[in-house]
Amino acid sequence: MNDIFKLDEPETDFNPLDEAVDEFLKSSIPEPSFIDDLNPEQRQAVETTEGPVLVLSGAGTGKTKVLTTRVAYIIHQKKALPWQILAVTFTNKASKEMKSRLERLIGADAFSVWLGTFHAIGIKILRKFAEKVNLTSNFIVLGTDDQERLLKNLMQEAGVDIKKYTPAGLLEIIQRWKDKGLLPEQVTSAHQTTFCNGRALYFYKQYQQKLSSLNAVDFGDLLLLPLALFQSHPDILAHYQQQFKYILVDEYQDTNVAQYLLLRLLAKKYNNICCVGDDDQSIYSWRGAKVENILNFKTTFPDAVIIRLERNYRSTRHILGAASGLIANNSGRLGKTLKPANEKENQGEHVLVKGFYNGNQEAEYIVETIESEQKKGVLLSDMAILVRATFQTRLFEEVLMRHGVSYKIIGGFKFYEREEIKDAIAYLRLILNTDDDLAFMRIVNKPKRGIGPQAMDALEQTTREKHISLFDAIGWASLRPAVRKTLDSFVLTIKRARELLQTESPADVAKTLLEESGYIQMWRLDKSPEAEGRLENIRELYTVLSDFEDIQSFIEYTSLVMDTDENVTDDQLVVMTLHASKGLEFYEVFLAGWEEGLFPHQKTLDETGDVGLEEERRLAYVGMTRAKRKLTISFAHNRRMYGQWINALPSRFIEELPQQHIQTDTYFHRSEQQGYQASTPAWGCGYSGSRKPKRYGTHVQSFDFDDDVDTQQDERPVSRWDRESLTSTPSDYFIPRKQISYRTVASSSSRRVGRRVRHETFGAGTVVREDGERLDIRFDSGQIKKIMARFLEEE
DNA sequence: GGGTTGCCCGTTTTT
DNA sequence: CGGGCAACCC
């Protein structure tokens, strides 16, 4: 009976009476039953529909539940129609998940909600108003490889030394500008870089022009161009502002400036914006994300309500305690402590911290443990090995294979990033649009057709003279007869495939095209071991393609969605990076490779210092909070890297774990005779106060921040692992002090707590806390004083 | 135009 | 160690 009250269409002007109607409706509609599933905080987050709301949602506290229920609630309460709600996520996975959960709550209405990734929403808006930003609505979205190729061309034309200044580096800079919402003309000296003698901005301009002439955009443009559109066309902005009565944002801690600006613009009229996020899980700053967005929410939206979700439904007390203790070392947090949802919950096992002599033993131990867990009935798919860097997965792959454990590596190469898939897509792009020069360049000589730099030069010259595409230039350029012949037949193949589009299914067109062009044959003749796999991938592509109406939408899908749906059918163990693990959970988690230099990663420390260190710590926190019942953290003293043995010390994060929640276990060292032997727990847990472990004999000193180290800081570029300290065989644990690669860590000057210092009048002491340049020193006399760093010298 | 050699470099990566 | 790439030679 409430159906008679229909809300206004968005195009009509705002009518003050609507509010009265809304009020009335609200009071007359009973609370939906799905509200009962929520705890009090979640319920508040759902029911506080009006005004800005920030939901600080810790790991495992039910944020997706809050988001979906909130959408359902708004619709149920008839506060808005489904299409008046905008809900944005970061990943396709998250938006898919939300969509299906929403459907379970409210049925088909779920599909009318504007629910998708930022980029998908951006593309939707851009397609509609493409001509306002110098595009036509069938523009294509370029991937990284195309972007780099474009930039490389531009740079080479300008005579830049590609070795010194890489296209990838330039792309990075341009992307960061786009992340900030800056068009070329908006880049000011404040954003300038020294890259390429300050010519980065010039290339940015060129690049944008090139994109426009190709009728193409990149990922950054999917946010930047809508933003520009809104700025230059207030009427269009007003339309969307009017439409989106309620806005919901997932993973708010990972939004960049462009996304922030978009949200702020869109929310301006109704001011009903609900952002869900966790500042402690912000791990993408290197990709332009700004934690500040979430930290300053209250400033952006002054009347914001902040709701904390701290009841964790995932992990045991020990896991939560250890993770909380670790993250407490970060400064500038909004502050939040995870509590187990069930108070009576038993503590579970302590977090196990294990040290190994080398990486192989570490991997061996983890895999063996996994096997024994499996025997006890734990599914492989309930366990995960998480690592910092992708190269670490290789070792696990090897060991898992040897043990015959079924596994899956996530991260690394995505389906649509594989060479053969990108080639196949380039062929498809070319038949859809022969003006797609980038696609043309990619495959014109794949398979080899004898098209070398010379022929390409001829084509490019014709292109410039006649203002036509490379493909069309074939008919005009002066080419050697042999080249002419092969190119003419190439043109014919493409044109034939184009005609087939009318009659055949997308998959059949692709099959014919790739067969007739000789592309398939190229891999068939290839006798390298991976050729068969590539052919298989192409067959997989046909399968995916058969789900699409037309090739156009398939291409859009591939450019927006990175991977194919993983077949989750088998019981497989996953090995993946910490980054990739965000949002997932497992019964048992192994966090491997917690060593200084690797985790926290040296490059991060070198480049972004303490800020980077905190992000690494958040990454550790993300990893730890993936575990439901069991968590093992491990490190190895020696690790094979770049074909050499590298030695390192346990990660500082290990020391930061609160003792009461962890159990340190057997540590291996090399026995004098043969093989490796376990020794009794040398890896004590009693050194959290001072940095000196108490029970360890000579090697203890390696935990000290060395003193003479810092003197080197200025002369020597600090590389990740000190190459001079490399040895070709695994070094013993009792490493001569000079060889310890830890020195590079200390010299990064990223952290001073724990160091021994000397003050002119107060004498020697230890740094116990640091706050920028102000250090708290506990002097040997017992007194603690705040001293500026410049008055201290390293002892 | 195409194959080979030698040099450099080595995080994380939705969209 | 191993992939990618540019310079180099056939």
Side-chain angles (χ1 to χ4, degrees), chain A residues 88-96 116-123 141-144 147-148 152 156 161-164 166-168 171-172 175 178-179 217-223 250-251 254-256 258-259 283-289 386-394 410-414 416-417 419 445 448-457 480 482-483 486 556-563 576-583 593 597-608 612 615-616 618-620 622-623 640-646 719-721 723 726 728:
Chain A
V88 276
T89 63
F90 264 82
T91 62
N92 291 300
K93 204 165 140 196
S95 81
K96 221 162 119 183
T117 62
F118 273 100
H119 298 268
I121 302 287
I123 214 171
V141 183
L142 299 186
T144 317
Q147 299 181 61
E148 279 185 24
K152 192 174 159 190
Q156 278 172 334
D161 179 3
I162 298 285
K163 276 217 179 104
K164 200 167 168 203
T166 63
L171 181 59
E172 190 77 16
Q175 238 142 296
K178 291 190 174 184
D179 289 340
V217 299
D218 63 19
F219 279 113
D221 288 338
L222 295 179
L223 306 173
D250 190 17
E251 305 277 17
D254 285 330
T255 47
N256 60 33
Q259 288 159 332
I283 54 174
Y284 284 112
S285 73
W286 49 276
R287 225 164 44 186
L386 309 183
V387 296
R388 173 68 238 265
T390 41
F391 81 85
Q392 293 173 267
T393 60
R394 249 182 276 148
I410 299 181
F413 266 100
K414 298 275 166 49
Y416 293 114
E417 279 175 345
E419 184 187 348
N445 204 28
K448 299 255 181 297
R449 295 188 178 90
I451 315 300
Q454 211 178 308
M456 281 309 288
D457 277 351
R480 294 194 355 233
V483 173
T486 51
E556 170 147 336
Y557 174 80
T558 59
S559 55
L560 242 44
V561 180
M562 288 308 262
D563 24 17
M576 63 184 146
T577 61
L578 289 160
H579 282 93
S581 76
K582 196 165 82 161
L598 179 58
F599 190 39
H601 203 284
Q602 190 59 47
K603 201 156 177 174
T604 304
L605 298 180
D606 290 345
E607 286 170 8
T608 42
E615 182 150 317
E616 294 281 300
R618 291 194 291 269
L619 196 51
V622 167
R640 221 176 137 82
M641 252 184 129
Y642 312 141
Q644 283 175 305
W645 285 94
I646 305 274
S719 79
R720 177 151 63 130
W721 305 87
R723 283 195 186 238
L726 301 183
S728 56

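Within every chain, numbering begins at 1; the chains are lettered A, B, ... in the order of the sequence lines, protein sequences first and strands thereafter.
OP1 and OP2 of dT13(B) both lie 4.0 Å or more from every side-chain N or O belonging to T144(A). For T604(A), no side-chain nitrogen or oxygen approaches OP1 or OP2 of dT12(B) to under 4.0 Å.
Comparing dT11(B), dT15(B), dC1(C) by their closest approach to the side chain of R640(A) singles out dC1(C). Listed nucleotides dT13(B), dT12(B), dT14(B) differ in distance to A580(A); the shortest reach to its side chain belongs to dT13(B). Looking at the side chain of K603(A), the nearest of the listed nucleotides dT13(B), dG10(B), dT15(B) is dG10(B). Side-chain atoms of N92(A) lie closest to dT15(B) of the nucleotides dT13(B), dT15(B), dT11(B).
Considering CG of N256(A) and CZ of R287(A), their distance stands at 9.5 Å, rounded to 0.5 Å. The distance from atom CD of Q259(A) to atom CG of L222(A), rounded to the nearest 0.5 Å, is 11.0 Å. In this structure, the separation between CG on N445(A) and CD1 on I451(A) is 6.0 Å, given to the nearest 0.5 Å. Atoms NE2 and CG, from H601(A) and L619(A) in turn, are 11.0 Å apart once rounded to the nearest 0.5 Å.
For the pair E616(A) CD and dT11(B) C1', the interatomic distance rounds to 8 Å; values are reported in whole Å. Between the C1' atom of dC8(B) and the CD atom of Q644(A) lies a distance of 14 Å, rounded to the nearest Å. Following rounding to the nearest Å, F391(A) (CZ) and dT11(B) (P) show an atom-to-atom distance of 8 Å. Separating the CZ atom of R618(A) from the P atom of dT12(B) is a distance of 18 Å, rounded to the nearest angstrom. Protein atom CD of E417(A) is 16 Å distant from nucleotide atom C1' of dG3(C), rounded to whole Å. Regarding D218(A), its CG atom lies at a distance of 11 Å from the C1' atom of dT15(B), rounded to whole Å. Between the CE atom of M576(A) and the P atom of dT12(B) there is a distance of 15 Å, given to the nearest Å. Between the P atom of dG3(C) and the CD atom of E419(A) lies a distance of 13 Å, rounded to the nearest Å.
Other residues, nucleotides and ligands place no more than 12 heavy atoms under 6.0 Å from the CD atom of Q454(A).
By the 5.5 Å and 30° criteria, F90(A) is not stacked with the base of dT14(B). In this pair, H601(A) lays its aromatic ring flat on the base of dT11(B), centres within 5.5 Å and planes under 30 degrees apart. Per the stacking criterion (ring centres < 5.5 Å, plane angle < 30°), W286(A) does not stack onto the base of dT11(B).
When the salt bridge (Lys or Arg N to Asp or Glu O under 4.0 Å) test is applied to E615(A), the partners found at least two apart in sequence or on another chain are R618(A). Listed by chain and number, the residues in a side-chain hydrogen bond (donor to acceptor under 3.5 Å, both in side chains) with T604(A) are E616(A) (sequence neighbours excluded). Scored by the ring-ring contact (aromatic ring centres under 6.0 Å, His included) test, F118(A) finds F90(A) as partners (sequence neighbours excluded). Not counting sequence neighbours, the partners of H579(A) by the ring-ring contact (aromatic ring centres under 6.0 Å, His included) test are Y284(A), W286(A).
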I need a per-nucleotide contact map over nucleotides 1-6 of chain B, read 5' to 3'. Cutoff is protein heavy atoms under 4.0 Å; write B for the base, S for backbone only, - otherwise.
SSS---

Each nucleotide in nucleotides 4-10 of chain C should get exactly one letter: B, S or -. Can you fill that in based on protein heavy atoms under 4.0 Å?
--S----

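Taking for each of L619(A) and F118(A) the nucleotide of DNA chain B with the nearest heavy atom, the 5'-most of the two is the partner of L619(A). For the pair K93(A) and E615(A), nearest-nucleotide mapping onto DNA chain B gives the more 5' position to E615(A).
Across all strands, E607(A) comes closer than 4.0 Å to base atoms (heavy-atom distances).
A donor atom on one side chain and an acceptor atom on the other are found under 3.5 Å apart for Q602(A) and D606(A).
Side-chain atoms of R287(A) stay outside donor-acceptor range of the base of dT13(B), with no qualifying N/O pair under 3.5 Å.
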Report the C-alpha separation of R640(A) and Q644(A) in whole Å, then their side-chain angles, then the decisive distance to 0.1 Å, and conclude whether the side chain to side chain contact (heavy atoms under 4.5 Å, CB included) test is met.
CA-CA 5 Å; R640(A) 221 176 137 82; Q644(A) 283 175 305; over 6 Å; no

